[in-house]
Amino acid sequence: MQDKQLVIGRFAPSPTGPLHLGSLYTALASFLEARSQQGLWLLRIDDLDTPRNIKGSVESILTTLELFGLHWDRSVVYQSRQQAVYDEILDHIEARQLTYRCRCSRKMLSSAVYSGYCKDRFIAPDNPHALRIRTDSRMISFYDALQGWITHHLAEQHGDFILKRRDRIIAYQFAVVIDDDRQQVNQVVRGYDLLDSTPKQIYLQQLLGLKTPRYMHVPIIIDRHGYKLSKQTRATAVDLAAPGTVIFELLVLLKQQPPPELQHAPVTELLDWAILHWNPAPLRHSQCIDSPLQIRSPV
Ligand code: GLU
């Protein structure tokens, strides 16, 4: 009999502030999906977009996860320490002429799909430029464990997207593909807001000959104005004083129906119950969830 493949999941927060309910919701879903299959759960800090990083966030994220019983395996990976790896792979891709230099400023980009203006222009390497990947007319299809079959026409829906920004920062789409592969992640659970990124990432996996993980995009928690919880929408950090209560609420929002007698249980007991009973099926085709909790900080 063939050995069952070890499931390797991950949580990859950006250090743009303390964890709020929305990010903890995703963390818990990916933790439960991995642990319920006796899998590993890794932690990666997506800290490449340095202008958006907020000092102290990394420490706060790690402390919060620990406090909520979401213990990760292996050591934390920091994207900011992998620059040499990204550069080397980018050099290979450039040598295969799969990319081109682009000088278009944000102002010149009128639509979300890039027009290809710089595609056949010569731009000297020492001229400040972004690096774009050439897309082709292929269809990218994948099965999302909650959202079902997703098919995108890459060139039409996404166009030639950026791998390295003009400010030399490695773009999320590229870094995530490299890191998931290096960490042997085979199960990506993340928020529905990233569903649109997945075909681009699968395209890069195909070009680089990398394996495509299984994907599960969980609904995002929205506030009463219909906005995704984020720092921009003033989502409050999770209440560190009552981790058990928060985990219980999150399990309800994950539609897990935890028994009422666990309402005041310690996190370890709640998580043991949740790992044993984890069933994401009630979240099928769900894109967002209204939070009944106080999730906005006062103005
Ligand atoms: N760093 C991304 C975020 O915080 C998530 C990346 C991913 O899960 O692929 O939204």
Side-chain angles (χ1 to χ4, degrees), residues 7-34 39-54 56-62 64-65 70 72 76-82 86 140 142 144-147 150 158 161-163 165 169-205 208 210-222 227-233 235 237-238 280 283 287-288:
V7 167
I8 306 186
R10 51 71 158 176
F11 177 51
S14 306
T16 52
L19 289 182
H20 52 72
L21 202 72
S23 32
L24 202 61
Y25 180 82
T26 312
L28 181 58
S30 80
F31 175 87
L32 293 175
E33 182 66 12
L40 299 181
W41 189 63
L42 313 183
L43 179 61
R44 186 173 71 231
I45 301 292
D46 283 1
D47 56 354
L48 284 178
D49 195 355
T50 38
R52 291 185 63 227
N53 290 349
I54 303 276
S57 312
V58 173
E59 295 71 17
S60 143
I61 290 171
L62 301 191
T64 307
L65 290 174
L70 303 179
W72 57 92
V76 181
V77 167
Y78 293 86
Q79 287 192 321
S80 55
R81 299 181 194 164
Q82 324 279 334
Y86 305 132
I140 301 274
F142 69 100
D144 184 272
L146 289 179
Q147 311 298 337
I150 308 285
H158 300 284
F161 57 94
I162 289 181
L163 299 190
R165 295 172 5 184
I169 290 180
I170 299 288
Y172 157 71
Q173 308 294 355
F174 179 61
V176 74
V177 165
I178 303 304
D179 293 326
D180 281 342
D181 180 68
R182 279 168 59 84
Q183 294 184 275
Q184 295 175 303
V185 168
N186 52 22
Q187 177 178 278
V188 171
V189 178
R190 58 186 175 194
Y192 181 82
D193 54 322
L194 287 169
L195 186 82
D196 253 12
S197 289
T198 307
K200 296 188 236 182
Q201 295 170 14
I202 294 178
Y203 177 62
L204 292 177
Q205 288 155 3
L208 297 169
L210 309 178
K211 284 198 188 121
T212 293
R214 283 194 304 281
Y215 288 100
M216 177 189 282
H217 290 84
V218 297
I220 50 169
I221 301 190
I222 53 171
Y227 291 113
K228 180 196 170 199
L229 297 196
S230 68
K231 222 163 37 57
Q232 288 77 7
T233 56
V238 279
L283 297 172
Q287 303 172 0
C288 51

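Note: hydrogens, waters and symmetry copies are ignored here, and every other heavy atom, side chains too, is used. We count ligands from 1, going down the list as the structure has it; atoms in each ligand are counted the same way.
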> Under 3.5 Å between some N or O of ligand 1 and some N or O of A12?
yes
> Need the ligand 1 atom indices (1-based, order shown) with element for anything under 4.0 Å from a heavy-atom of V176.
9 (O)
> Counting only heavy atoms closer than 4.0 Å, does ligand 1 sit against the backbone of F11, its side chain, both, or neither?
neither
> Going by the order shown, which atoms of ligand 1 are within less than 4.0 Å of some heavy atom of R190?
7 (C), 8 (O), 9 (O)
> Among protein heavy atoms, which sits nearest to atom 10 (O) of ligand 1, and what does the distance come to when rounded to 0.1 Å?
L194 CD1, 4.1 Å
> Out of the candidates V185, L40, N186, L43, only one should pair with R10 under the side-chain contact (heavy atoms from CB on, under 4.5 Å) rule; please name it.
V185
> Is the shortest side-chain heavy-atom distance between Y172 and Q201 below 4.5 Å?
yes
> Of all the atoms in ligand 1, which lie at a distance below 4.0 Å from a heavy atom belonging to S14?
1 (N), 2 (C), 3 (C), 4 (O)
> With heavy atoms under 4.0 Å as the rule, classify the contact between T16 and ligand 1 as side chain, backbone, both or neither.
neither
> How far does CD1 of I45 sit from CG of L62, to the nearest 0.5 angstrom?
5.5 Å
> Quick one: which ligand 1 atoms are inside 4.0 Å of a heavy atom on Y172?
6 (C), 7 (C), 9 (O)
> For ligand 1, note which part of R44 has a heavy atom under 4.0 Å away: side chain, backbone, both or neither.
neither
> Can you check whether D179's main-chain N or O pairs, donor with acceptor, with Q82's side chain at less than 3.5 Å?
no
> Can you tell me if T198 and R190 form a side-chain donor-acceptor pair at under 3.5 Å?
yes
> Check S80, S14, S57 against D47 for a side chain to side chain donor-acceptor pair (under 3.5 Å) and give me the one that passes.
S80
> Check each of V58, T50, D49 against P15 using the side-chain contact (heavy atoms from CB on, under 4.5 Å) test, and report the only one that passes.
V58
> Can you list the atoms of ligand 1 that are under 4.0 Å from a heavy atom of R10?
7 (C), 8 (O), 9 (O)
